[in-house]
Amino acid sequence: MKTKIILCVALCIFAVAFRSADGERFEAPAHWQKPVYDFRKNPLTSNTIALGRALFYDPILSRNNTISCASCHSQYSAFTHGDHALSHGIDDRIGTRNAPALMNLAWQRSFMRDGAINHLDMQALAPISNPAEMDENITHVVAKLQATKTYPKLFYKAFGDSVISGAHTLKAIAQFMLTLVSSNAKYDSVMRKQAVFSQQERKGYLLFQKHCSACHTEPLFTNHAFMNNGLPVDTTLRDMGRFSVTMNADDSLKFSVPTLRNIEFSYPYMHDGRFKRLSDVLHHYTAGVVQSSTLAKELKKPIVLTSNEKVDIIAFLLTLTDRTFLFSPAFSFPQNMIEEAAKD
Amino acid sequence: MTPIKTLLVIFSPLFFLLVACRGASARPRPLATSSSSGIIRLSIIPTFGSKNILIADSSFQTGDSHNVQIDVLKFYVSHIQFLKNGTVVLEEQKSFHLIDAAIKASFDIVIPNKHAISFDAVRFNLGIDSTTSVSGAMGGDLDPTKGMYWTWQSGYVNFKCEGKSNLCKARNNEFQFHLGGYRQPYYCLQTLTLPVHNPNEITLQFNAETFLSHSDVGTHHHVMSPNAEAVRLSAIVANSFSMVKSSTAK
């Protein structure tokens, strides 16, 4: 009997220790597909997520220490640059694309509007080095981080090594971004049978399934494909989208299909932020699609919607707002953590 | 079983497992030594013709009128294998090496060969394969701080060479080659197989003069993106490697 008790205690101690050493577990929402991110190569730990969060909010990543990731990816706007068609980066330089909303990134295989970035770990290198965004380079970022009092301690906690590397910096940022899971909108409650749609939302949902879900596929509300949705080319930007990555004419004017989750807060819309309102977006799909050889087959025939039907669809889209995500303290500026680390 | 013994039985294997796992990820690469026992020493020497390239002093003249200055010369050698009669008999694990003409220590690669396996050829990739290129952030020679990763397009830059040539028609006579690309049809990785004459000490050279003369640096002076030109030049880079039959080149 004594042996059995000791055995149980020992196993409990080990279980706690294992969880502590192994840290956080990534919980995919029930009935969602398996994430594509390989967590074995970058296992989540609470210390690494906390480090990534500090880095995400720290302008030290930019040349003159003025622009952080959060500058163009604010939590309250679903981690996009709210109310900005094209983001402004360092020295108020204007980029060429609308900052994408960040959420559910563990399910995403490529990043940026044209999919140029092949892995979430490497994504942060693009804004760090872009002259219109942070205008820095990762080597100098690492040197700056190493010279601080705080970061060597945070890296030690996260990776057991106070000597900072580019790989650890990027993996930490990736870990924080991986935690940005949005799965608690009203839509999700309805799917879990914990809530019901209003009559208008229900109508909108059925219209959405008929006209929109082929590309904005549930439950992530994207099929993660690159598609031409018939936008007229902005001649001031001449952005060819995916073509600039593959140099394949078949990819001309194709952009990644964005998620519609939290779309209420992620305006303006499209890769160049040309539409300020959801009604503008629906107007485009019913009356503004430009025919071309690479146009998505789903849009070859015009979508016909009455004014009331458009309103119904918008009512449904608002059920994709996830306030627990938008206002979660776990994703906000880590004031307390930075202060505590500075005291150590 | 006593309580103490019970605890020992439970925790000992777990403790060793944890230590072993940690050790595997933190194990440093073996240092280069001159010992030939149980190791293969592979040296890769950047040269310009018959002269070694040292970035601090890297001005060269070829013929009567071609002056060349090399400011940056870095390339990846990966997935090193040894062959006997065309069959792989030994391969290095986690085989990624950045050769940097500015860092002499990077020229030497030491590979364990505990069982003294004999071989007659060496094979390696010039650059980083597409699977590794899409596998996220990695440390060591693959750390992005090494300046050999362009996140927007090429992924890892397989080969980087920058400098000046008086034949070059670009601004300030500068040339810049950043050759990389992990997606077809512009996959730039090259695989080289070279016969080994002296298994105890293998010395290869990369001859920048061969590369620059065959790549026509006068008119092709800037290649940064994955494209057909990057693929063409990558093949020329591969053809600029040769085995040094004796160690005198060092």
Side-chain angles (χ1 to χ4, degrees), chain A residues 2-11 13-14 17-18 21-22 37-39 41-42 109-112 114-130 137-143 146 159-161 163-174 244-248, chain B residues 1-15 17-19 21-23 25-26 28 96 128-157 180-187 225-231:
Chain A
K2 211 172 178 181
T3 305
K4 278 183 186 170
I5 291 169
I6 288 170
L7 185 65
C8 286
V9 170
L11 286 173
I13 291 169
F14 177 69
F18 183 76
D22 201 30
Y37 190 86
D38 187 350
F39 288 93
K41 290 182 179 164
N42 189 18
R109 287 187 189 281
S110 60
F111 304 86
M112 299 295 185
D114 56 13
I117 314 300
N118 63 45
H119 197 286
L120 183 62
D121 291 0
M122 310 312 262
Q123 199 281 335
L125 286 175
I128 287 171
S129 59
N130 189 321
N137 70 73
I138 187 68
T139 308
H140 193 229
V141 166
V142 166
Q146 193 72 63
F159 296 104
D161 191 349
V163 178
I164 299 170
S165 70
H168 284 168
T169 304
L170 295 173
K171 280 180 180 294
I173 297 172
S244 62
V245 175
T246 65
M247 299 295 166
N248 181 346
Chain B
M1 193 183 279
T2 65
I4 297 292
K5 274 186 181 171
T6 308
L7 283 172
L8 279 174
V9 166
I10 292 165
F11 279 111
S12 298
L14 297 173
F15 175 75
L17 184 68
L18 289 173
V19 169
C21 289
R22 187 163 182 80
S25 62
F96 303 103
I128 302 300
D129 64 278
S130 59
T131 302
T132 304
S133 282
V134 299
S135 295
M138 282 167 275
D141 279 0
L142 294 178
D143 196 289
T145 54
K146 302 289 181 186
M148 293 292 278
Y149 191 90
W150 182 28
T151 191
W152 201 257
Q153 289 248 329
S154 61
Y156 282 100
V157 176
Y182 62 91
R183 293 187 184 98
Q184 294 290 4
Y186 305 126
Y187 188 26
S225 299
N227 52 34
E229 187 66 0
V231 175

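What you see is a predicted model, and the numbers here were worked out from it, not measured in a lab. Lettering follows sequence order; numbering is per chain, from 1.
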(message) Does any backbone or side-chain atom of A:Asn130 lie under 4.5 Å from a heavy atom of chain B? Answer side chain, backbone, both or neither.
(response) neither
(message) Taking side chain as everything from C-beta outward and backbone as N, CA, C, O, which of these in A:Ser110 sits under 4.5 Å from a heavy atom of chain B? Side chain, backbone, both or neither.
(response) neither
Taking all atoms of both residues into account, what is the closest heavy-atom pair of [X] and [Y], and its distance?
{"X": "A:Ala167", "Y": "B:Ala137", "result": "O-CB, 3.8 Å"}
{"X": "B:Pro144", "Y": "A:Leu125", "result": "CB-CD1, 4.0 Å"}
{"X": "B:Asp143", "Y": "A:Ser165", "result": "OD2-CB, 3.3 Å"}
{"X": "A:Thr139", "Y": "B:Thr145", "result": "OG1-O, 2.8 Å"}

(message) Donor-acceptor check, side chain of A:Asp121 to backbone of B:Gly136, threshold 3.5 angstrom: yes or no?
(response) no
(request) Name all residues meeting the ring pair (Phe, Tyr, Trp, His ring centres under 6.0 Å) criterion together with B:Tyr149; count only those two or more places apart in sequence or in a different chain, and write none if there are none. (result) B:Tyr156
(request) Apply ring pair (Phe, Tyr, Trp, His ring centres under 6.0 Å) to A:Tyr37 and list each qualifying residue two or more places apart in sequence or on a separate chain. (result) A:Phe39, A:His119
(message) Is B:Ser225 close to chain A through its backbone or its side chain, or both, or neither, when contacts mean heavy atoms under 4.5 Å?
(response) neither
(message) Please identify, among A:Val245, A:Asn248, A:Asn42, the residue contributing the most non-hydrogen atom pairs under 4.5 Å to chain B.
(response) A:Val245
(request) Could you have a look at A:Gly166, A:Ala124, A:Ser129 and say which one has the most heavy-atom pairs with chain B under 4.5 angstrom? (result) A:Gly166
